[in-house]
Amino acid sequence: MHDPKLFQLLTGPAANIRHATQLYSYLLRPTTANHNFADVVMRQFSVMLGGGPGERADYLQRLAPILRQQVEEQQLADVYEKIDLPLAPVLAVMERVGVRVDPEALDRMSHAMEKEVRRLEKEIWKLAGSEFNVNSPTQLAEILFDKLNLQPNARRGKAKARSTAADVLEELSAQHPLPAKIIEYREISNALPKLIHPETGRLHTSFSQTGTATGRLSSSDPNLQNIPIRSELGREIRAAFVAEEGKNLLSADYSQIELRVMAHFSQDPVLVEAFRNGEDIHARTAQEVFGVGPLAQNAEHRRAAKAINFGIIYGLSPFGLAQQLGIEQKEAAQFINAYFTRYRGVKDYLDKILADTRKTGVAKTLFGRIRPIPEINSPQVQLRNFAERTALNSPLQGTAADLIKLAMVNIDRRLAEETLEAKMILQVHDELLFEAPTKERAKLEKLVKEEMEGVHKLAVPIVVEIGVGPNWRDLD
DNA sequence: GGCGCGAGCCAC
DNA sequence: AAACGTGGCTCGCGCC
Ligand SMILES: Nc1nc2c(ncn2[C@H]2C[C@H](O)[C@@H](COP(=O)(O)OP(=O)(O)OP(=O)(O)O)O2)c(=O)[nH]1
Ligand SMILES: [Mn+2]
Ligand SMILES: [Mn+2]
């Protein structure tokens, strides 16, 4: 067959699948956008598929052994057999089960927020001195930079000279009250729930298993991997994702996952020791950058520190860090220096990754998943720089993806074996969301923690944080 | 009505 | 000169 998830959705469980050519194709070329049967056939045989079922079957017969051999040659058979293929039916079931939403709550919010957006729009028009489409960056730029003659900081590149992005508006708000209103307008209009709720009261996403270059999943129609969590307003939307009566939502999220993978790969003694001692690197960075101790830190501090930690290990420049923190480039450069002085092994590892990837042209995860990065040897500076940062990120992001996929397969099996009613309903890159009868809480918590933390032994402990509650916002 | 693109912004 | 990575969605805009 070609697409095992689709097969499961249409036909139900199938035992003994050998060839899933869609997954073969993806494992061989994860950076290719399309893995439709017709596209794969086109790439392999340079023919347009006519559409007849006989022709399809015929090409499938020819295609499968060819791709299979390539998969074996590239040592991808293990990832295929142990991770991606068994995951497909698990994803199909998750899609079919869906997640319950509270339609009234969403409607209430929609109405209230639309009203507020209308009010802000009028205010904005008044401050601007004319009516215009606030949603149009082009029109907004004319108002800000031509009509009101506001001056953006000169240090921006010329390509984005007339950007109206939030951080620019923030700077401009010193000169005029309008930019702040725009920010507020966008905050609300962005949070406006656009989720359509069906009669069943459950929302069904579609997980793509072949949609990312690193091995992560993606979610669409609707995307349930980017439900707001940062702003108070956005969190209202998250609260509309609820458990059925008599049930709980249980969320299990890996702690500092890619940093732990980094510790494993790099063997950096400071990082390894930190994790063995149960330390929180995100909190530590928050402490250093914002000068707030762990107890005084809020979610925003830690979130910002997260972006700094991952930014630095994935090639963030002094320019970028200065931008993120609103500090001088010199100070940012010193911070990055100090960072790699402390985690010297991380720096060495990153250098080695670059050298390796230049040699092989391929990034590889712990489990052998590959991502070709030929641009790393490009003579074009910009292309090469991008490729280098990609090479730094892919093995870590990809390994984290492999770990949770494997855990999902194992959890799915155990839920069946131990006949729990609990259902796995969402995956958000390093988080799994379950819906389960309140009675199953303790059992499920133990099972999930065991399987996620024990999925594979690393040089540092893998830790999972679990939250349980009536909706996706209020968990403890 | 739909496609493709860039800007902007949500999440991990 | 460029200047963390991985995604998807909405919108405006130009176009067919
Ligand atoms: N490059 C990059 N990767 C990120 C960023 N945010 C999240 N990630 C990746 C790395 C994280 O380990 C992984 C999971 O995200 P989480 O929000 O769960 O953060 P993390 O697990 O590191 O910390 P946690 O202990 O769960 O709060 O996704 C980012 O801003 N840049
Ligand atoms: Mn996490
Ligand atoms: Mn997470």
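Convention: sequence-line order gives letters A, B, ...; per-chain numbering from 1. What you see is a predicted model; the values in this text were computed from it and never measured.
Sorted by first then second residue, the side chain to side chain donor-acceptor pair (under 3.5 Å) pairs that include residues 372-384 of chain A, not counting sequence neighbours, number zero.
Contact annotation for A/Ala166: backbone-only contact, meaning every heavy-atom pair under 4.0 Å involves sugar-phosphate atoms and none involves a base. A/Ile257 comes within 4.0 angstrom of nothing in the nucleic acid, heavy atoms only. Residue contacts for A/Asn385: at a heavy-atom cut-off of 4.0 Å it reaches no nucleic acid atom on any strand shown. A/Phe386 comes within 4.0 angstrom of sugar-phosphate atoms only, judged by non-hydrogen atoms across all strands, and of no base.
One atom, CD1 of A/Ile353, and another, P of C/dG5, lie 16 Å apart when rounded to the nearest Å. The separation between A/Leu432 atom CG and B/dC12 atom C1' is 13 Å, rounded to whole Å. One interatomic measurement links the two molecules: CD1 of A/Ile229 to C1' of B/dC12, which rounds to 10 Å at whole-angstrom precision. One interatomic measurement links the two molecules: CG of A/Leu321 to P of C/dA3, which rounds to 16 Å at whole-angstrom precision. Taking atom CG on A/Leu316 and atom C1' on C/dC4, their separation rounds to 5 Å, with Å as the unit. For the pair A/Gln329 CD and C/dA2 C1', the interatomic distance rounds to 11 Å; values are reported in whole Å. Taking atom CZ of residue A/Arg162 and atom P of nucleotide B/dG6, one finds them 19 Å apart after rounding to whole Å. Rounded to an integer number of Å, the gap from CZ of A/Phe319 to P of C/dA1 is 14 Å.
Out of B/dG8, B/dC12, C/dG5, the shortest distance to the side chain of A/Arg389 is found at C/dG5.
For A/His111 (side chain) and A/Asp107 (main-chain N/O), a donor-acceptor pair under 3.5 Å exists by modelled atom type. Proximity of a side-chain donor or acceptor of A/Glu95 to a complementary backbone N or O of A/Phe207 within less than 3.5 Å is detected.
Comparing the same atom, P, in C/dA3 and in B/dG6 gives a spacing of 15 Å after rounding to whole Å. Straight-line distance between the P atoms of C/dA2 and B/dC9: roughly 23 Å, to the nearest whole Å.
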| query | Using a cut-off of 4.0 Å between protein heavy atoms and nucleotide atoms, how would you tag nucleotides 6-16 of chain C 5' to 3' with B, S and -? | reply | BBBSSSSS---

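Take A/Gln22 and apply the side-chain hydrogen bond (donor to acceptor under 3.5 Å, both in side chains) test, not counting sequence neighbours, and it matches no residue. With sequence neighbours left out, the side-chain hydrogen bond (donor to acceptor under 3.5 Å, both in side chains) criterion links A/Gln287 to no other residue. Residues meeting the side chain to side chain contact (heavy atoms under 4.5 Å, CB included) test with A/Ala307, sequence neighbours left out: A/Gln324.
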Below 3.5 Å, can you tabulate the donor-acceptor pairs from side chains in residues 468-476 of chain A to any protein atom, sequence neighbours excluded?
residue  : atom : partner  : partner atom : Å
A/Asn471 : OD1  : A/Arg473 : N            : 2.7
A/Asn471 : OD1  : A/Asp474 : N            : 2.7
A/Asn471 : ND2  : A/Asp474 : OD2          : 2.9
A/Trp472 : NE1  : A/Glu431 : OE2          : 3.1

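Considering only side-chain N and O atoms, A/Ser163 lies under 4.0 angstrom from the phosphate OP1 or OP2 of B/dG8. Contact check, A/Arg186 against B/dG8: no side-chain N or O comes under 4.0 Å of OP1 or OP2.
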